[in-house]
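Take a look at the structure below.
Chain identifiers are assigned alphabetically (A, B, ...) following the order of the sequence lines, protein sequences preceding nucleic acid strands; residue numbering begins at 1 within each chain. These numbers come from a predicted model, not from an experiment.
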There are 2 protein chains.
Amino acid sequence: MKFEDEAKGAEKHMDILGSLIIDSARLLRAAFERRIAQAGLELTPGEALALINIADLDGSRQLDIAARMGVEPMTLCAYLDKLETLGLVERQQCSADRRAKRIKLTETSGEMIGSIRNELNVILTQATEGLSEENNRILREALVLVNANLQATVPSAALQTAPDESR
Amino acid sequence: MKFEDEAKGAEKHMDILGSLIIDSARLLRAAFERRIAQAGLELTPGEALALINIADLDGSRQLDIAARMGVEPMTLCAYLDKLETLGLVERQQCSADRRAKRIKLTETSGEMIGSIRNELNVILTQATEGLSEENNRILREALVLVNANLQATVPSAALQTAPDESR
DNA sequence: CGAATTTCATAAGGCACCCTTACTATCTTT
DNA sequence: AAAGATAGTAAGGGTGCCTTATGAAATTCG
């Protein structure tokens with residue numbers, strides 16, 4: 001059997017990117033989790049991020065929020081259960097469509113949202129320490145592009161964006 | 001609703017980076033999982049990545065491989081159980097330290113490793129489509145920096161930094 | 001109009017990732 | 001030789017996210 005490991009050097013810088021992204025996410029999530037716990041906020045990272053997204057989309061329906069977050073509606077539903085239990089959001093009947101519910105922030109949520117944003121801010125400031133403004137921008141733009149590219153490879157994404165189903 | 005969120009703009013580009021990284025990781029993992037399944041490789045992404053790392057560190061002990069991967073020894077242990085069951089790696093007694101085991105690739109693993117590298121390659125080529133060589137490099141360097149920064153915030157990181165001088 | 005289909009939220013269940021704690025066997029130090 | 005550190009691992013848990021199925025309401029259409 002002959003192995004074609006000659007190409008390994010060329011591929012190496014590729015598969016490293018995969019590890020880098022996955023490692024970043026793990027580290028980031030862990031750091032966020034630690035900070036949230038330290039700050040005494042009784043939320044998981046997923047719930048906290050959901051709340052942040054809801055803050056930007058106050059009054060939206062669950063489908064829209066889930067789409068914005070890039071998760072399945074069911075995944076968001078679980079977060080909302082928790083957030084509602086904690087009194088941070090409310091599910092209100094949508095008058096236009098009685099199947100749907102509008103997710104509204106409660107008055108008491110403001111403080112929590114501020115705290116979460118603050119923790120996020122600290123973490124990301126630490127994480128990007130030593131990164132030039134310019135490269136910070138490129139990093140974000142590159143990730144936006146990567147995400148769009150990956151999203152396009154999702155089979156069901158054909159329904160949303162791609163007109164091509166030559167699969 | 002009538003709240004002034006003037007400060008939000010300043011923070012926004014920060015917390016977006018967090019979402020971007022986490023989203024990338026989720027999309028990447030999902031894409032990898034799909035491709036691995038399609039290719040008929042009976043591995044999870046974590047197991048596959050472990051195997052790739054082992055390929056670069058053939059004959060190392062589990063602690064070193066775990067450190068390289070950035071996971072706890074126990075996490076790696078579970079991957080190894082699976083990889084060993086599949087006949088892709090072997091645990092060999094380390095002659096110098098009978099507590100330790102050296103992880104060796106089996107002969108049959110070459111094919112699997114090639115397949116995994118290939119799938120990774122395809123995914124990452126897709127993911128970085130439209131990204132200039134220059135920005136690709138900056139992306140990777142920025143992530144390396146971010147990972148190092150985040151790693152430094154881990155409480156137990158003080159313990160981790162020392163034991164690695166045999167490189 | 002009424003039946004079929006679609007859509008929104010959700011209940012139920014599952015897989016993967018990764019961790020902490022605790023234990024055994026083996027080094028290392030004193 | 002006794003005490004403590006270290007390599008691997010068994011056990012178990014929390015989180016993230018998914019798929020499938022269900023009930024209710026909306027929409028399409030014969």
Side-chain angles (χ1 to χ4, degrees), chain A residues 19 21-34 36-37 42-50 60-67 69-82 84 89-103 154-156 159, chain B residues 19 21-34 36-37 42-50 60-67 69-82 84-85 89-103 154-156 159-160 162-163:
Chain A
S19 302
I21 293 176
I22 289 180
D23 288 354
S24 299
R26 177 162 35 76
L27 291 167
L28 195 59
R29 194 181 298 278
F32 193 26
E33 203 162 2
R34 242 177 294 123
I36 287 179
E42 309 250 312
L43 291 178
T44 66
E47 290 153 6
L49 285 179
S60 297
R61 293 176 306 164
Q62 297 187 205
L63 268 192
D64 295 330
I65 298 170
M69 292 180 63
V71 299
E72 296 301 310
M74 190 57 226
T75 300
L76 175 65
C77 190
Y79 295 155
L80 290 178
D81 287 346
K82 178 72 175 300
E84 193 170 28
V89 304
E90 283 176 1
R91 286 171 161 108
Q92 295 182 352
Q93 279 293 340
C94 174
S95 52
D97 184 340
R98 292 209 314 262
R99 293 168 305 182
K101 291 170 185 170
R102 297 202 169 276
I103 308 305
V154 177
S156 67
L159 305 171
Chain B
S19 303
I21 293 175
I22 288 180
D23 287 354
S24 298
R26 177 162 36 77
L27 290 166
L28 195 59
R29 196 183 296 279
F32 194 26
E33 203 161 4
R34 242 178 293 123
I36 287 179
E42 309 250 313
L43 293 177
T44 66
E47 290 152 7
L49 285 180
S60 297
R61 292 175 307 161
Q62 297 187 203
L63 271 191
D64 295 330
I65 298 171
M69 292 180 63
V71 298
E72 296 301 309
M74 189 57 226
T75 301
L76 175 66
C77 190
Y79 294 155
L80 289 178
D81 287 347
K82 177 73 175 300
E84 193 170 27
T85 301
V89 304
E90 283 176 2
R91 287 172 160 109
Q92 295 182 355
Q93 280 293 342
C94 175
S95 50
D97 184 340
R98 291 210 316 265
R99 293 168 305 182
K101 292 171 185 171
R102 298 202 168 276
I103 308 304
V154 177
S156 64
L159 306 171
Q160 300 268 355

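Taking OG1 of B:Thr75 as the start and OH of B:Tyr79 as the end, the distance is 6.0 Å to the nearest 0.5 Å. Atom-to-atom distance recorded for B:Asp23:CG and A:Ile21:CD1 is 11.5 Å, nearest 0.5 angstrom. If you take CD1 on A:Ile103 and CD1 on A:Ile65, they are separated by 5.5 Å, rounding to the nearest 0.5 Å. Rounding to the nearest 0.5 angstrom, the gap separating the CD atom in A:Glu33 from the CG atom in A:Leu43 is 11.5 Å. Atom CG of B:Asp81 and atom CZ of B:Arg91 lie 4.5 Å apart (nearest 0.5 Å).
Comparing A:Ser95 and A:Gly46 by the nucleotide of DNA chain D whose heavy atom lies nearest to each, the residue mapping closer to the 5' end is A:Gly46. Toward the 5′ end of DNA chain C lies the nearest nucleotide of A:Met74, the other residue of the pair A:Arg26 and A:Met74 mapping further downstream.
Within the 4.5 Å cutoff, no side-chain heavy atoms of A:Ile22 are placed close to those of B:Phe32.
One interatomic measurement links the two molecules: CD1 of A:Ile22 to P of C:dC17, which rounds to 9 Å at whole-angstrom precision. Distance B:Leu28 CG to C:dA16 C1': 15 Å, rounded to the nearest Å. Rounded to a whole Å, the CZ atom of A:Arg61 is 12 Å from the P atom of C:dT7. Straight-line distance from the CD atom of A:Glu72 to the C1' atom of C:dC15: 15 Å, rounded to whole Å. Distance CZ (A:Arg91) to P (C:dC8): 16 Å, rounded to an integer number of Å. Rounded to whole angstrom, the span from the CG atom of B:Leu76 across to the P atom of C:dA16 amounts to 17 Å. To the nearest angstrom, P of C:dT28 lies 7 Å from CZ of B:Arg99. B:Gln93 has its CD atom 9 Å from the P atom of C:dC27, to the nearest Å.
When the side-chain nitrogen and oxygen atoms of B:Tyr79 are compared with OP1 and OP2 of C:dC18, one or more of them lie within a distance under 4.0 Å.
Counting non-hydrogen atoms under 4.0 angstrom, A:Thr44 reaches the backbone sugars and phosphates but no base.
On the nucleic acid side, DNA chain D contacts chain A at distances under 4.0 Å to non-hydrogen atoms, with the end points of that region at D:dT15 to D:dA26.
Environment of CD in B:Glu42: sparse, with no more than 12 heavy atoms of neighbouring residues, nucleotides or ligands closer than 6.0 Å.
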